[in-house]
Amino acid sequence: MVSWKIIAGGYDLFVATYLFTVTGRSSTLSLLSTSPTGLNTSWITQHPTNKHLLYAVNEMAPLGALQSFKIAPDGSLSDPLDTVSTLGADPAHVVALPNGKVVVMNYSTGDGRIIKTTHGGTKFDDSGPLIKFQVPPGTLSHPHQTVKYGNALLIPDLGADTIWRVQEERGSDTVVFKESIPQPKGSGPRHISIVGDRLFTLHELSSTLSVQSIPTLNATSSAITRVSVAPEDAPAGAKWSAAEILIPPPTKRFPKSYIYVSNRNLGVLDPRGDTIAIFEHVNKGKADEGLVMIRQVHTGLEQVRGMEFGPVETGGDEYLVASGVRGKGGVVVLKRVDGGRNLKVVAKNLEVPTRTTFVWL
């Protein structure tokens, strides 16, 4: 028998802690506890080295918040250790950097903050400035994620159709904007993933996945290919809006890496639920480099938003946890089968109907 605890945030007043247990050929997912967190902890993340420390946004307007919590041995959370304003509306993403800073992005006001931490990451230094993304008149900035790449931070902006590239000046809180990476007009880049020198971008508004080389500074790069992620056998009236992209690294158990993206159906529902699409990146560096659809996996969930693979160190990378942001599908755990080319639902829990973000312990 092996088990993992999973913390799940969402649009509610608490985070939920689950216990996922595998015994022989059977698996169970049970709700252990709920911990009060304030409104709409829509994104959570762990401290990069202290796995007993959790950061969570409160996605609300006119001003959102960032909180820190201690994770107890049973997976429940302490009262907030500290809270700081994000100085903008509806923070939809948070990431903790190796240098002890935490980055939040405010979706609705088109800005974000890089916040220093103190006391081992438990407290926030409120001196960090607000980062404003300058867009043309008539355009609304909607930054949706932050990914560290070298000395830069890459920030996909769903409203501005670009991926911002920013750097902090050494020894200063000043942020310098470098050349951004433009995306197709109207595509709505939401989340990205980087593998080597390739940038994979999931576009929410066009429900497409693209791959391109990461351009060096003062250079440009266009998509090598861009493909639809939406299922072709959806009901008439379905309306797709891509959400999350995960590319787990190769391991001994899964030597071939595949791309997993979640779909949200905002229109006529499919009784099988929304899908997770699996892609393969083929022929890198060759004239026919591309993205090949392997399979669409129906989840039984409505508007799949957040999903997360388990930790490699404890064998959890065989499993993917996911939930919908609408409906009553609860939380499901899927198992990677066929070397990662397929997923199979092995456990579910319906006690909390929706969740948006996960951390495996």
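Throughout, residue positions are numbered sequentially from 1 according to the sequence presented.
- Ring to ring, Trp43 and His191 are close: their centroids are under 6.0 angstrom apart.
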Go through the steps for Asp74 and Ser76 under the test side chain to side chain donor-acceptor pair (under 3.5 Å), then give the verdict.
-> CA-CA 6 Å; Asp74 64 359; Ser76 63; 2.7 Å; yes
Stepwise, does the ring-ring contact (aromatic ring centres under 6.0 Å, His included) test hold for Phe279 with Tyr260?
-> CA-CA 7 Å; Phe279 288 87; Tyr260 303 82; 9.9 Å; no
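- When only modelled atom types and interatomic distance are considered, Asp111 and Asn106 share a side-chain donor-acceptor pair under 3.5 Å.
- Between Leu205 and Leu158 there is a side-chain heavy-atom pair separated by less than 4.5 Å.
- Residues Val297 and Val332 are members of one and the same hydrophobic cluster, defined by side-chain heavy-atom contacts under 4.5 angstrom among Ile, Leu, Val, Met, Phe, Trp and Tyr.
- Geometric assessment of Arg341 against the ring of Phe254 yields a negative cation-pi assignment under the 6.0 Å and 45° thresholds.
- Phe358 and Ser323 get closest at one heavy-atom pair: CZ-CB, 3.6 Å.
- Within the 4.5 Å cutoff, no side-chain heavy atoms of Thr83 are placed close to those of Leu66.
- Within the 4.5 Å cutoff, side-chain heavy atoms of Asn349 are placed close to those of Leu31.
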Could you walk me through whether Asp338 and Lys344 pass salt bridge (Lys or Arg N to Asp or Glu O under 4.0 Å), step by step?
-> CA-CA 10 Å; Asp338 299 334; Lys344 180 176 71 172; over 6 Å; no
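- Atom CD1 of Ile7 sits about 12.5 Å away from atom OG1 of Thr34, to the nearest 0.5 Å.
- No continuous path of hydrophobic side-chain contacts links Leu140 to Trp164 [ILVMFWY only; heavy atoms under 4.5 Å].
- Contact of the His93 side chain with the Arg190 side chain is not registered, since no non-hydrogen atoms from C-beta on lie closer than 4.5 Å.
- Between the side chain of Ser213 and the main chain of Pro215, no donor-acceptor pair closer than 3.5 Å is present.
- Trp360 and Pro311 get closest at one heavy-atom pair: CB-CD, 3.7 Å.
- In plain terms, the two heavy atoms of Val352 and Ala16 that are nearest each other are CG2-CB, 4.3 Å.
- Checking Asn58 against Gln67 by side-chain atom types alone, a donor-acceptor pair falls below 3.5 Å.
- Using a 4.5 Å cut-off between side-chain heavy atoms of Ile, Leu, Val, Met, Phe, Trp and Tyr, with links allowed through other members, Val175 and Val104 fall into different hydrophobic clusters.
- Side chain to side chain, Thr314 and Trp4 meet the donor-acceptor criterion of an N or O pair below 3.5 Å.
- Contact check for Leu266 versus Gln303: side-chain heavy atoms found under the 4.5 Å cut-off.
- Leu29 contributes atom CG, which lies 6.0 Å from atom CD1 of Ile6 (distance to the nearest 0.5 angstrom).
- With values rounded to the nearest 0.5 angstrom, Leu53 atom CG is found 10.5 Å from Phe69 atom CZ.
- The aromatic rings of Tyr55 and His47 are tilted relative to each other, their planes meeting at an angle between 30° and 60°.
- Panel note: side chain Arg355, backbone Ala8; a donor-acceptor pair is recorded below 3.5 Å.
- Remark: the Thr208 side chain and the Arg226 side chain contain an N/O donor-acceptor pair separated by less than 3.5 Å.
- Side chain of Asp157 to backbone of Ile163: no donor-acceptor contact under 3.5 angstrom is found.
- Between the side chain of Thr201 and the backbone N or O of Ser210, no donor-acceptor pair lies under 3.5 Å.
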Would Phe20 and Tyr319 count as a ring-ring contact (aromatic ring centres under 6.0 Å, His included) if you check the C-alpha gap in whole Å, the side-chain angles of each, and the deciding distance to 0.1 Å?
-> CA-CA 10 Å; Phe20 173 55; Tyr319 300 99; 4.9 Å; yes
So Glu351 and Lys328, salt bridge (Lys or Arg N to Asp or Glu O under 4.0 Å) or not? Walk me through it.
-> CA-CA 9 Å; Glu351 293 177 75; Lys328 299 180 180 180; over 6 Å; no
Does the salt bridge (Lys or Arg N to Asp or Glu O under 4.0 Å) test come out yes or no for Asp288 and Lys286, once each step is laid out?
-> CA-CA 5 Å; Asp288 57 348; Lys286 298 181 180 179; over 6 Å; no
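- Using a 4.5 Å heavy-atom cutoff, the side chains of His144 and Met105 are not in contact.
- With Ser262 contributing its side chain and Glu244 its backbone, the two residues share a donor-acceptor pair below 3.5 Å.
- Glu318 pairs in a salt bridge (charged side-chain N to carboxylate O under 4.0 Å, His left out) with only one of the listed residues (Arg253, Lys252, Arg336), which is Arg253.
- Here the two rings, on Phe200 and His281, have centers that are under 6.0 Å apart.
- In this structure, a donor-acceptor pair under 3.5 Å is present between the side chains of Arg305 and Tyr11.
- With rounding to the nearest 0.5 Å, the separation of OG1 in Thr21 from NZ in Lys5 is 9.0 Å.
- Hydrophobic clustering, with ILVMFWY side chains joined whenever heavy atoms are under 4.5 angstrom apart, groups Leu246 together with Tyr258.
- At least one donor-acceptor pair closer than 3.5 Å links the side chain of Asn99 to the backbone N or O of Lys101.
- Looking at Asp125, its side chain does come within 3.5 Å of a backbone N or O of Ser127 through a donor-acceptor pair.
- Side-chain contact between Lys132 and Ser141: absent, with no pair of heavy atoms (C-beta onward) separated by less than 4.5 Å.
- With 3.5 Å as the limit, one finds no donor-acceptor pair spanning the side chains of Trp240 and Asn263.
- For Asp233, the CG atom is densely surrounded, since the number of other residues' heavy atoms within 6.0 Å is greater than 12.
- Cluster membership for Leu320 and Val346, using ILVMFWY side-chain heavy atoms within less than 4.5 angstrom, is not shared.
- Side-chain contact annotation: His298 with Thr275, donor-acceptor N/O pair under 3.5 Å absent.
- Ile192 places a side-chain heavy atom less than 4.5 Å from the side chain of Gln145.
- Pairing each heavy atom of Val229 with each of Ala277, the nearest pair is O-CB, 3.9 Å.
- The line from CG of Leu19 to OG of Ser3 is 5.0 Å long, rounded to the nearest 0.5 Å.
- Side-chain N or O atoms of Asp161 include none that pairs as donor or acceptor with a backbone N or O of Lys185 at under 3.5 Å.
- Of the possible polar contacts, one joining the Arg113 side chain to the Gly128 backbone as a donor-acceptor pair under 3.5 Å is found.
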Between Lys51 and Leu361, does a side-chain contact (heavy atoms from CB on, under 4.5 Å) hold up when you go through it step by step?
-> CA-CA 8 Å; Lys51 299 305 181 182; Leu361 302 179; over 6 Å; no
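- Put simply, the side chain of Thr86 gets close to the backbone of Gly88: a donor and an acceptor are under 3.5 Å apart.
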Does the pair Ser257 and Ile247 meet the rule for a side-chain contact (heavy atoms from CB on, under 4.5 Å), with working shown?
-> CA-CA 7 Å; Ser257 182; Ile247 310 179; 3.5 Å; yes
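- Within 6.0 Å of atom NZ in Lys284, more than 12 heavy atoms from other residues, nucleotides or ligands are found, so the atom counts as buried in its surroundings.
- Note that NE2 of His119 and OG of Ser68 are 11.5 Å apart. Values are rounded to the nearest 0.5 Å.
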